[in-house]
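Residues: numbered from 1 along the sequence shown.
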Amino acid sequence: MKIIAHRANINGPSSKNENQKSSIRNCIDFGYDVEIDIRLIGGKLYLGHDKPEVIITKDKLTSIKNKAWIHCKNLKAFSFFKHIDEDFNYFWHE
């Protein structure tokens, strides 16, 4: 069984801590998988649920790809993950 921390929240919603690099790392260090929100804007990947907030690199995502469940928040992000040659867990919906 996998336990997935939604937006990298372990103890309930926390808009201050969700989708933050340190929260993602903490979740993974505690043994959880993590669902994160990603947008692609102007060639850069951003973490953030309601808006782009923190830049994250493809290399950083690659380093956690076995624990990350990527919620593509725009079609550009979905297309990005669809066309790269790596096995990311990603999804998009509206």
Side-chain angles (χ1 to χ4, degrees):
M1 174 174 55
K2 289 186 183 270
I3 299 175
I4 302 171
H6 185 241
R7 298 183 200 151
N9 289 317
I10 296 174
N11 296 312
S14 172
S15 59
K16 176 184 169 191
N17 295 316
E18 67 186 23
N19 286 304
Q20 296 297 315
K21 292 176 188 177
S22 60
S23 299
I24 293 166
R25 180 82 267 158
N26 287 340
C27 288
I28 292 170
D29 288 348
F30 282 124
Y32 298 102
D33 279 17
V34 62
E35 180 267 345
I36 54 177
D37 300 314
I38 299 284
R39 286 176 176 76
L40 180 66
I41 300 172
K44 294 182 183 176
L45 296 166
Y46 290 87
L47 293 164
H49 177 68
D50 292 322
K51 62 185 181 202
E53 294 180 15
V54 178
I55 293 174
I56 190 164
T57 65
K58 178 183 168 273
D59 289 341
K60 181 64 176 173
L61 290 171
T62 299
S63 74
I64 63 169
K65 73 179 182 178
N66 293 329
K67 292 290 201 172
W69 299 81
I70 299 169
H71 180 182
C72 299
K73 299 299 280 187
N74 63 6
L75 284 175
K76 287 182 181 183
F78 182 77
S79 181
F80 173 82
F81 288 104
K82 180 179 177 186
H83 290 100
I84 59 177
D85 191 27
E86 297 192 38
D87 294 326
F88 284 95
N89 299 307
Y90 65 96
F91 63 96
W92 176 81
H93 66 85
E94 61 177 4

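- You'll find the side chain of F88 reaches within 4.5 Å of the side chain of T62, heavy atoms only.
- With a 6.0 Å radius and a threshold of 12 heavy atoms from other residues, nucleotides or ligands, D29 has its CG atom above the threshold.
- When all heavy atoms of L40 and F80 are compared, the pair lying nearest together is CD2-CB, 3.8 Å.
- Between C27 and I10, some side-chain heavy-atom pair lies under the 4.5 Å cut-off.
- Between atom CD1 of residue I38 and atom CG of residue L61 there is a gap of 5.0 Å, rounded to the nearest 0.5 Å.
- Judged purely by atom type and a 3.5 angstrom limit, S63 uses its side chain to pair as donor or acceptor with the backbone of K60.
- The CZ atom of F30 sits 13.0 Å away from the CD1 atom of I3 when rounded to the nearest 0.5 Å.
- Residues N19 and E53 fail the side-chain proximity criterion, which asks for heavy atoms closer than 4.5 Å.
- Following chains of ILVMFWY side-chain contacts shorter than 4.5 Å, one can reach V34 starting from V54, so the two form part of one hydrophobic cluster.
- Checking side-chain atoms of E35 against main-chain N and O of R7 turns up a donor-acceptor pair under 3.5 Å.
- Taking CD1 of I24 as the reference point, atom CD1 of I64 lies at 5.5 Å (rounded to 0.5 Å).
- In terms of hydrophobic clustering, with Ile, Leu, Val, Met, Phe, Trp and Tyr side chains grouped at heavy-atom distances under 4.5 Å, F81 and W92 are assigned to a common cluster.
- Proximity of E86 to K58: side-chain heavy atoms (C-beta onward) are separated by under 4.5 Å at one or more points.
- Distance check: D87 CG to D85 CG gives 8.0 Å after rounding to the nearest 0.5 Å.
- A 4.5 Å side-chain heavy-atom check between L47 and Q20 finds every atom pair outside the cut-off.
- Within the 4.5 Å cutoff, side-chain heavy atoms of I70 are placed close to those of I36.
- Without hydrogens or angle criteria, R39 side chain to L75 main chain gives no donor-acceptor distance under 3.5 Å.
- Separating the NE2 atom in H93 from the NZ atom in K73 is a distance of 6.5 Å, to the nearest 0.5 Å.
- Once rounded to the nearest 0.5 Å, the distance linking NE2 of H71 with OH of Y90 reads 13.5 Å.
- Grouped with I41 in one hydrophobic cluster are Y46, I55, the linkage being side-chain heavy-atom contacts under 4.5 Å among Ile, Leu, Val, Met, Phe, Trp and Tyr residues.
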